[in-house]
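Take a look at the structure set out below.
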2 protein chains.
Amino acid sequence: MNIGTASAHTGVSAKMIRYYEEIGLVPKPLRRDSGYRDYGEADVHRLRFIHRARELGFSIERIRDLLRLWNDRRRPSREVKKVAQEHIADLEAQIARMHGLLATLKHLANSCEGNSRPHCPILEGLSRG
Amino acid sequence: MNIGTASAHTGVSAKMIRYYEEIGLVPKPLRRDSGYRDYGEADVHRLRFIHRARELGFSIERIRDLLRLWNDRRRPSREVKKVAQEHIADLEAQIARMHGLLATLKHLANSCEGNSRPHCPILEGLSRG
DNA sequence: CTTGACCTTCCCATGATGGGAAGGTTTATA
DNA sequence: TATAAACCTTCCCATCATGGGAAGGTCAAG
């Protein structure tokens, strides 16, 4: 099938499919005489895998690792679990950091009357800290 | 003072100070005969403001808005509060989204034995979804 | 005077996801 | 058969914020 069809079947845009091919995340597909890319079921299956992994927030590099493990019938599952757990740890660290930001921001915002007068503790907080 | 000194006094790297000047976030400073930038106290004060706002995760565009409000002695505080609250809402939405990802990821990871055997529900989840 | 630190501008990179131009190919319909 | 729209190709650029580094000029201390 053509790239547009592969895109429709996988949720990955044609642009991203070409990008993934360029960065070596997916193999180059067969080509028709016209020069059009010709995708098979295995290609589509792989792109779906990538799409789901992206949806879960895995970076391209981590997806590269996951694809390698997926291809390796003998992979130890602890290696897969490790990739997932690192990703989980990253997400948790980001959330924690954001909570810290939120605490400060909410404190500032709640100190602000939010009216027509110019006095504002948010600006004071930023200018003095 | 020179850019290096301004950088040290504000926590903003020299590179970023030049970038902020280029994108019009800060005005062009005076120059010495040598061509070196010459920063005054007002410049430094502004860069500190920017630095604190970046630390709180405000985007450059939102900082542009905040700087405008900071300069405006007559700004109504509700406009400042609005910028802050939009930022808060963005952060909260991001956190919520990440929690959703975490739930799925943890479920997958917890279903994985993480041993030497190849069977892994994480890969299955990604390949089938 | 010399040398190292500092400064300048310019060009490129990062990660993931596009937009769009220029031109070729396919497909359905009249 | 002709046409037009949809699809496809490669190429170049942009996004956001933050750099690295090259090439070359300036400053300041020893």
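Just the heavy atoms: all of them, side chains too, but no hydrogens, waters or symmetry mates, feed the values below. Chain letters run A, B, ... following the sequence lines, proteins first, then strands; residues in each count from 1.
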**Asked** When rounded to the nearest 0.5 angstrom, what is the spacing between CD1 in B:I95 and CG in B:L102?
**Response**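 Those atoms lie 11.0 Å apart.
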**Item:** Minimal non-hydrogen separation, B:C112 against B:P121, with atom names
**Value:**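 Looking at all heavy atoms of both residues, the shortest contact is CA-CD, 3.7 Å.
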**Asked** How close do B:V12 and B:L47 get, heavy atom to heavy atom, and via which atoms?
**Response**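 Shortest heavy-atom contact: CG2-O, 3.6 Å.
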Let me know the distance between [atom1] of [X] and [atom2] of [N], rounded to the nearest Å.
X	N	atom1	atom2	result
A:E22	C:dA16	CD	C1'	12 Å
A:M1	C:dT25	CE	P	23 Å
A:H51	C:dT17	NE2	P	10 Å
A:E21	D:dC8	CD	P	14 Å
A:I17	C:dG18	CD1	C1'	14 Å
A:I63	C:dG15	CD1	C1'	12 Å
A:R18	D:dC8	CZ	P	8 Å
A:R31	C:dG24	CZ	P	17 Å

**Item:** Residues touching DNA chain C, which here means a heavy atom under 4.0 Å, drawn from residues 89-101 of chain B
**Value:**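 By residue number: none to list.
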**Asked** According to the salt bridge (charged side-chain N to carboxylate O under 4.0 Å, His left out) rule, which pairs have a member within residues 69-80 of chain A, sequence neighbours left out?
**Response**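 Listed once each, the pairs would be none.
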**Message:** Under the salt bridge (charged side-chain N to carboxylate O under 4.0 Å, His left out) definition, can you give me all pairs with a residue in residues 87-106 of chain A, not counting sequence neighbours?
**Reply:**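 For residues 87-106 of chain A, and leaving out neighbouring residues, the salt bridge (charged side-chain N to carboxylate O under 4.0 Å, His left out) pairs sorted by first residue read A:R62-A:D90, A:E92-B:K106, A:K106-B:E92.
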**Asked** So does B:E86 have more than 12 non-hydrogen atoms from other groups sitting under 6.0 Å from CD?
**Response**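 Counting other residues, nucleotides and ligands, CD of B:E86 exceeds 12 neighbours.
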**Fill in**
Per-nucleotide protein contact along nucleotides 25-30 of chain D, 5' to 3', at a 4.0 Å heavy-atom cut-off (B base, S sugar-phosphate only, - neither), is BBS---
**Prompt:** Among all residues two or more places apart in sequence or in another chain, which pass the salt bridge (Lys or Arg N to Asp or Glu O under 4.0 Å) test with A:R37?
**Reply:**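 Residues passing salt bridge (Lys or Arg N to Asp or Glu O under 4.0 Å) with A:R37: A:E21.
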**Request:** For A:K15, enumerate each residue passing the salt bridge (Lys or Arg N to Asp or Glu O under 4.0 Å) test, keeping only those at least two apart in sequence or located in another chain.
**Result:**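 With sequence neighbours excluded, A:K15 shows a salt bridge (Lys or Arg N to Asp or Glu O under 4.0 Å) to no residue whatsoever.
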For [Y], does its backbone N or O pair with a side-chain atom of [X] as donor and acceptor, under 3.5 Å?
X	Y	answer
A:S7	A:I3	no
A:S77	B:N115	yes
B:D38	B:R31	no
A:D43	A:G40	yes

**Request:** Using heavy atoms and a sub-4.0 Å distance, could you list which residues of residues 37-48 of chain B are near DNA chain D? By number, please.
**Result:**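 Close to the strand, none.
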By the ring pair (Phe, Tyr, Trp, His ring centres under 6.0 Å) test, which pairs, at least two apart or in different chains, include something from [range]?
range	answer
residues 93-115 of chain A	none
residues 51-75 of chain A	A:H45-A:W70, A:F49-A:W70, A:F58-A:H87
residues 20-43 of chain A	none

Nucleotide N/O of nucleotides 16-18 of chain D paired with protein N/O under 3.5 Å:
{"from": "D:dA17", "atom 1": "OP1", "to": "B:I60", "atom 2": "N", "distance (Å)": "2.9"}
{"from": "D:dA17", "atom 1": "O3'", "to": "B:R54", "atom 2": "NH2", "distance (Å)": "2.9"}
{"from": "D:dT18", "atom 1": "OP1", "to": "B:R54", "atom 2": "NE", "distance (Å)": "3.2"}
{"from": "D:dT18", "atom 1": "OP1", "to": "B:R54", "atom 2": "NH2", "distance (Å)": "3.3"}
{"from": "D:dT18", "atom 1": "OP2", "to": "B:Y20", "atom 2": "OH", "distance (Å)": "3.0"}

**Prompt:** Does one side chain, of B:E124 or B:H119, offer a donor that lies under 3.5 Å from an acceptor on the other?
**Reply:**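 Their side chains do contain a donor-acceptor pair, which is all the 3.5 Å distance test asks for.
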Every protein N/O within reach of nucleotides 20-24 of chain D N/O, cut-off under 3.5 Å:
{"from": "D:dG20", "atom 1": "N7", "to": "B:K15", "atom 2": "NZ", "distance (Å)": "3.2"}
{"from": "D:dG20", "atom 1": "O6", "to": "B:K15", "atom 2": "NZ", "distance (Å)": "2.7"}
{"from": "D:dG21", "atom 1": "O6", "to": "B:K15", "atom 2": "NZ", "distance (Å)": "2.4"}

